[in-house]
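Working notes, beginning with the structure itself.
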Amino acid sequence: QFKASETIAIELTIDKPMQSVILYYRHVNQAERYKTAVMEATGNRYHAVIPADYSNSPYPLQYYFELKYSPSSALLYPGLGADRKAQPYFVIFTSYL
């Protein structure tokens, strides 16, 4: 959960070195386009922040990652999975408490 109007820190730990990691996020609202944030690396940990003004919404947030190993090799995480049936994003819900 996250509190509306507060920044949301997103962190990802990866075993292999990456050329870049990009966070894609939006409200759970199909009318909106995804926003992006380039994640900063500290060792094998990648960090980005969703701004407080963006979290000021009654909608939950969904997000996923683009992991680039090289200019010609990338993948999405969490992706659809081997059976192509998994939810390809994470969801966090707002808390007004």
Side-chain angles (χ1 to χ4, degrees):
Q1 286 189 333
F2 66 93
K3 286 188 177 182
S5 299
E6 290 187 2
T7 59
I8 303 168
I10 304 289
E11 188 172 287
L12 180 67
T13 302
I14 304 171
D15 292 335
K16 298 179 181 180
M18 296 288 143
Q19 181 181 28
S20 68
V21 178
I22 300 173
L23 170 68
Y24 286 78
Y25 64 94
R26 73 172 187 194
H27 299 112
V28 179
N29 177 350
Q30 298 298 326
E32 293 185 19
R33 293 187 182 272
Y34 279 96
K35 296 191 175 291
T36 61
V38 175
M39 299 188 78
E40 295 183 26
T42 304
N44 66 338
R45 300 174 96 177
Y46 293 81
H47 180 268
V49 173
I50 297 173
D53 62 336
Y54 194 79
S55 76
N56 188 16
S57 170
Y59 291 105
L61 292 173
Q62 64 186 77
Y63 66 95
Y64 67 93
F65 305 96
E66 176 187 271
L67 312 174
K68 280 194 176 179
Y69 295 100
S70 70
S72 62
S73 178
L75 64 88
L76 301 179
Y77 179 74
L80 291 171
D83 61 2
R84 306 279 190 245
K85 296 179 181 179
Q87 179 174 292
Y89 51 83
F90 299 102
V91 177
I92 50 178
F93 296 90
T94 186
S95 171
Y96 287 101
L97 301 177

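In this chain, residues are counted from 1 in sequence order. Remember, it's a predicted structure, so these values are computed and weren't measured experimentally.
The ring-ring contact (aromatic ring centres under 6.0 Å, His included) search around Tyr77 returns Phe90, not counting sequence neighbours.
Between Ala86 and Gly79, the shortest heavy-atom distance links the atoms CB-O, 4.1 Å.
Atom NZ of Lys35 and atom CZ of Arg26 lie 12.0 Å apart (nearest 0.5 Å). Within the model, atoms CE of Met39 and OG1 of Thr42 stand 10.5 Å from one another, a figure rounded to the nearest 0.5 Å.
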Hey, can you pull the donor-acceptor pairs under 3.5 Å for the side chains in residues 5-23, sequence neighbours left out?
unit_1, atom_1, unit_2, atom_2, d
Ser5, OG, Asn56, OD1, 3.2
Glu11, OE2, Arg45, NE, 2.9
Glu11, OE2, Arg45, NH2, 2.4

Give the table of side-chain donor-acceptor pairs shorter than 3.5 Å for residues 65-72, with sequence neighbours excluded, one pair per line with atom names and distance.
unit_1, atom_1, unit_2, atom_2, d
Glu66, OE1, Tyr24, OH, 3.4
Ser70, OG, Ser72, N, 3.4
Ser70, OG, Ser73, N, 3.3

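Residues Tyr25 and Leu75 fall within the same hydrophobic cluster, defined by Ile, Leu, Val, Met, Phe, Trp and Tyr side chains chained together at heavy-atom separations under 4.5 Å. Grouping the Ile, Leu, Val, Met, Phe, Trp and Tyr side chains by contacts below 4.5 angstrom, directly or via other members, places Ile50 apart from Tyr89. When hydrophobic clusters are built by joining Ile, Leu, Val, Met, Phe, Trp and Tyr residues whose side-chain heavy atoms come closer than 4.5 Å, directly or via intermediates, Tyr34 is grouped together with Leu76.
Within 6.0 Å of the CD atom in Gln87, the count of heavy atoms belonging to other residues, nucleotides or ligands exceeds 12.
Ring geometry for His27 against Tyr54 counts as parallel: the plane angle stays under 30°, on a 0 to 90° scale with 60° as the upper cut.
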Apply side-chain hydrogen bond (donor to acceptor under 3.5 Å, both in side chains) to residues Glu32 and Tyr59 and explain how you reach the verdict. CA-CA 11 Å; Glu32 293 185 19; Tyr59 291 105; over 6 Å; no
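When side chains are defined from C-beta on, Tyr64 counts as touching Pro78, because their heavy atoms get closer than 4.5 Å.
Checked against the 6.0 Å centroid criterion, the rings of Phe2 and Phe93 do not qualify as a close aromatic pair.
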